Peer 1: 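Got a structure here, written out as structure tokens. Questions coming.
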There are 2 protein chains.
Amino acid sequence: MTTQQTQDYLKAIYELASDHKTVSTTALAEHLFLTPASVTGMLKRLAVQKPALVRYKKHQGVQLTSLGEKMALQILRQHRLLETYLVEALGYSWDEVHEEACRLEHAISEQFENRIDAVLGRPQRDPHGDPIPSSNLEIPMDRSRPLSEFRPPQKAVICRVNGKDPALLRRLDKLGMIPGASITIVDYSELDQVLSIRIGTREPTCSVGSTISRQVLAEELLEPPAGDSQPS
Amino acid sequence: MTTQQTQDYLKAIYELASDHKTVSTTALAEHLFLTPASVTGMLKRLAVQKPALVRYKKHQGVQLTSLGEKMALQILRQHRLLETYLVEALGYSWDEVHEEACRLEHAISEQFENRIDAVLGRPQRDPHGDPIPSSNLEIPMDRSRPLSEFRPPQKAVICRVNGKDPALLRRLDKLGMIPGASITIVDYSELDQVLSIRIGTREPTCSVGSTISRQVLAEELLEPPAGDSQPS
DNA sequence: AAAATAATTTAGTATATACTAAATTATTTA
DNA sequence: TAAATAATTTAGTATATACTAAATTATTTT
Ligand SMILES: [Mn+2]
Ligand SMILES: [Mn+2]
Ligand SMILES: [Mn+2]
Ligand SMILES: [Mn+2]
């Protein structure tokens, strides 16, 4: 049987390994709120078991094997479906779902997964805009970038929010910086990296430091060179 | 923190101790599919921890302390609310819910409990007719008896079904022997303890052995001595 | 009540997972 | 490149929980 710990480790490795980069012991330890020593121990176990879930060589970080990645995607699917269900069906707010989903994801059956997927109408994104792996574990990659890389006068659409800190999420919700929102970068201060952003057509604009702007991902909206038709 | 094991032990002790009788090591072991030796070990731990969850003396079985009973009722509430939710909101059948609920009950938060309780309209009974402890952990006791104790020509209303064996539950469902059904005992065979029962006004009657009749609880329906008004 | 049987406990072991402190290896700085 | 710093691993320990085999205690039969 695959334990809760195993599942959370695999998920964490997947999340930290953008593309297929190697993940360091320390990064994992921080993400999971464990000591590096504990992580080393666990990684060895994951690497040694048959079939192996990770590739691990001392001092060189870990990677998921393809089985490990499958399992990570499966649990990620469960996590994100659950988050979506909690919001859509049970009235949770988006800052309350992470913890609950992180416990439930280890307890639900395939049947449960299928039922909530069906009730929700096979959603593609969770409340934070993160893509939900399909039932055959395919996951669409978008070309979003952190808001911190945008500069005036770019326009963009917010597409997802990293990080699960409830305070951050509540703040973003209050500002209206939620997935789907259209924004315009109106100013940037080099000195303190504060971005001034117009959300929709709202006034006044709001200002966010890099702590926030690094956590919010957006896709650039290219201004049509001429004409006034709606962009598709 | 109180672990999943602790919660399942407490629930099992509660369920096996009808009234407040003492529960034997062996009975617990059977109920939990563990060896008696393992149970002894766990009971010692539960008895010794501060505050104690059970009272335990060698060779004399266990009882819940009042804290242990509170915790058992809390987890029982979660179990039964979940079972109800799975049936009502997610389309499970009553033979599919036990296992799922027995995993989920350890993973949900108070918030989750409150939400499903609200969505369901504060149900009093789970799909098997078992009473759901209220949020302040009060549980109504009914005066139902096993069907095996009934004799012709008694009439009764089925009020709950013990046991979680899916095969039994599917059988009962097919027969129409579900909580709420009115029945009449039409025959009893001393030799093999088979009861013939009319369910509602259905024909033909059905016959059940003691394996089934011991698991089905019913409340006797006293025939009004005269008149044809509806009994309240 | 002795013998037989059943129930229960003890002793010793195993696994998964976490921790701390110390040792080692890798990377950066001077 | 040597020293300083950072990252990682090793070694040793702890906890919760389960198991098996053997020992003990309780109950039932003769
Ligand atoms: Mn988790
Ligand atoms: Mn999410
Ligand atoms: Mn359970
Ligand atoms: Mn039930």
Side-chain angles (χ1 to χ4, degrees), chain A residues 1-13 16-17 21-65 67-68 71-72 75 99 102-103 105-107, chain B residues 1-13 16-17 21-64 67-68 71-72 75 102-103 105-107:
Chain A
M1 249 301 285
T2 146
T3 66
Q4 168 158 345
Q5 280 69 227
T6 295
Q7 296 178 331
D8 280 339
Y9 269 87
L10 295 176
K11 185 152 62 82
I13 296 170
L16 293 174
K21 282 195 290 279
T22 236
V23 177
S24 75
T25 305
T26 331
L28 262 177
E30 259 161 41
H31 191 90
L32 294 166
F33 300 99
L34 299 172
T35 63
S38 304
V39 171
T40 299
M42 184 64 162
L43 292 181
K44 285 163 128 175
R45 250 173 277 133
L46 294 176
V48 129
Q49 76 181 64
K50 301 189 331 161
L53 301 179
V54 304
R55 267 181 295 279
Y56 166 73
K57 281 163 93 182
K58 278 187 204 179
H59 297 103
Q60 297 182 211
V62 258
Q63 285 187 307
L64 297 173
T65 62
L67 174 59
M71 290 174 57
I75 203 76
E99 232 190 276
C102 195
R103 272 178 285 105
E105 66 193 357
H106 312 289
Chain B
M1 250 303 286
T2 147
T3 67
Q4 168 158 345
Q5 279 69 227
T6 295
Q7 295 177 334
D8 280 339
Y9 269 86
L10 294 176
K11 184 152 63 82
I13 296 169
L16 293 174
K21 282 194 291 280
T22 236
V23 177
S24 75
T25 304
T26 329
L28 262 177
E30 258 161 42
H31 190 91
L32 295 167
F33 302 99
L34 298 173
T35 62
S38 304
V39 172
T40 300
M42 184 63 162
L43 292 181
K44 285 163 128 178
R45 251 173 277 130
L46 293 176
V48 126
Q49 75 181 65
K50 304 188 332 162
L53 301 179
V54 304
R55 267 180 296 278
Y56 167 74
K57 279 163 90 183
K58 278 187 206 180
H59 297 102
Q60 297 184 211
V62 258
Q63 284 186 306
L64 296 174
L67 175 59
M71 289 175 56
I75 203 76
C102 195
R103 274 179 285 105
E105 66 193 358
H106 312 289

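We name chains A, B, ... by the order of the sequence lines, and we start the count at 1 in each one. Please read these numbers as outputs of a predicted model, since none were measured by experiment.
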Peer 1: In whole angstrom, give the distance that lies between atom CZ of A/Phe33 and atom C1' of C/dC19.
Peer 2: 17 Å
Peer 1: Which one, D/dA18, C/dA18, D/dA26, comes nearest to the side chain of B/Leu34?
Peer 2: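 Out of D/dA18, C/dA18, D/dA26, the nucleotide with an atom closest to B/Leu34's side chain is D/dA18.
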Peer 1: Just to confirm, is there a sub-4.0 Å distance from OP1 or OP2 of C/dT17 to any side-chain nitrogen or oxygen of A/Thr3?
Peer 2: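 For A/Thr3, the contact criterion (side-chain N or O under 4.0 Å from OP1 or OP2 of C/dT17) is met.
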Peer 1: Measuring from B/Met42:CE to B/Thr25:OG1, what's the distance to the nearest 0.5 Å?
Peer 2: 13.5 Å
Peer 1: From CD of B/Gln60 over to P of C/dA7, roughly how many Å is that when rounded to an integer?
Peer 2: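 So the two atoms are 17 Å apart, to the nearest Å.
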Peer 1: Where do A/Val62 and A/Ile13 come nearest, in terms of heavy atoms and distance?
Peer 2: CG2-CD1, 4.2 Å
Peer 1: So with a 6.0 Å cut-off around CD of A/Glu99, is the heavy-atom count from everything else above 12?
Peer 2: no
Peer 1: Can you tell me how far CG of B/Leu53 sits from CG of B/Leu43, rounded to the nearest 0.5 angstrom?
Peer 2: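 If we round to the nearest 0.5 Å, B/Leu43:CG and B/Leu53:CG are 11.0 Å apart.
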Peer 1: Distance from B/Arg103 atom CZ to B/Gln4 atom CD, nearest 0.5 Å?
Peer 2: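 Here the interatomic distance stands at 9.5 Å.
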Peer 1: What is the distance from CD of B/Gln7 to P of D/dT17, rounded to the nearest Å?
Peer 2: 11 Å
Peer 1: Are OP1 or OP2 of C/dA16 and a side-chain N or O of A/Arg45 less than 4.0 angstrom apart?
Peer 2: no
Peer 1: Classify A/Thr25 by what it touches in the nucleic acid, base, sugar-phosphate, or nothing, heavy-atom distance under 4.0 Å.
Peer 2: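 The answer is sugar-phosphate, as A/Thr25 gets under 4.0 Å only of primed atoms, P, OP1 or OP2.
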Peer 1: Measuring only between side-chain heavy atoms, which start at C-beta, is A/His106 closer than 4.5 Å to A/Thr3?
Peer 2: no
Peer 1: Please tell me if A/Thr35 has a side-chain N or O lying less than 4.0 Å from either OP1 or OP2 of C/dA18.
Peer 2: no
Peer 1: Quickly work out the A/His59 NE2 to D/dT5 P distance and round it to whole Å.
Peer 2: 19 Å
Peer 1: Is there a residue in residues 36-44 of chain B whose heavy atoms reach under 4.0 Å of DNA chain D, and which residues are they?
Peer 2: B/Ala37, B/Ser38, B/Met42
Peer 1: How many Å lie between CG on A/Leu28 and P on D/dA7, as a whole number?
Peer 2: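 Value for this atom pair: 14 Å.
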Peer 1: Less than 4.0 angstrom between a side-chain N/O of B/Lys58 and OP1 or OP2 of C/dT10, yes or no?
Peer 2: yes
Peer 1: So does A/Tyr9 get a side-chain nitrogen or oxygen closer than 4.0 Å to the phosphate oxygens (OP1/OP2) of C/dA16?
Peer 2: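 Looking at the OP1 and OP2 atoms of C/dA16, neither is under 4.0 Å from any side-chain N or O of A/Tyr9.
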Peer 1: Looking at D/dT29, which nucleotide sits across from it as a Watson-Crick or G-U wobble partner, both distances under 3.5 angstrom, or is there none?
Peer 2: C/dA2
Peer 1: Name the pairing partner of C/dA21, where a pair is Watson-Crick or G-U wobble with both distances under 3.5 Å, or state none.
Peer 2: D/dT10
Peer 1: Indicate the atoms forming the closest heavy-atom contact of B/Tyr56 with B/Ala47, along with that distance.
Peer 2: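 The pair with the smallest heavy-atom distance is CB-CB, 3.8 Å.
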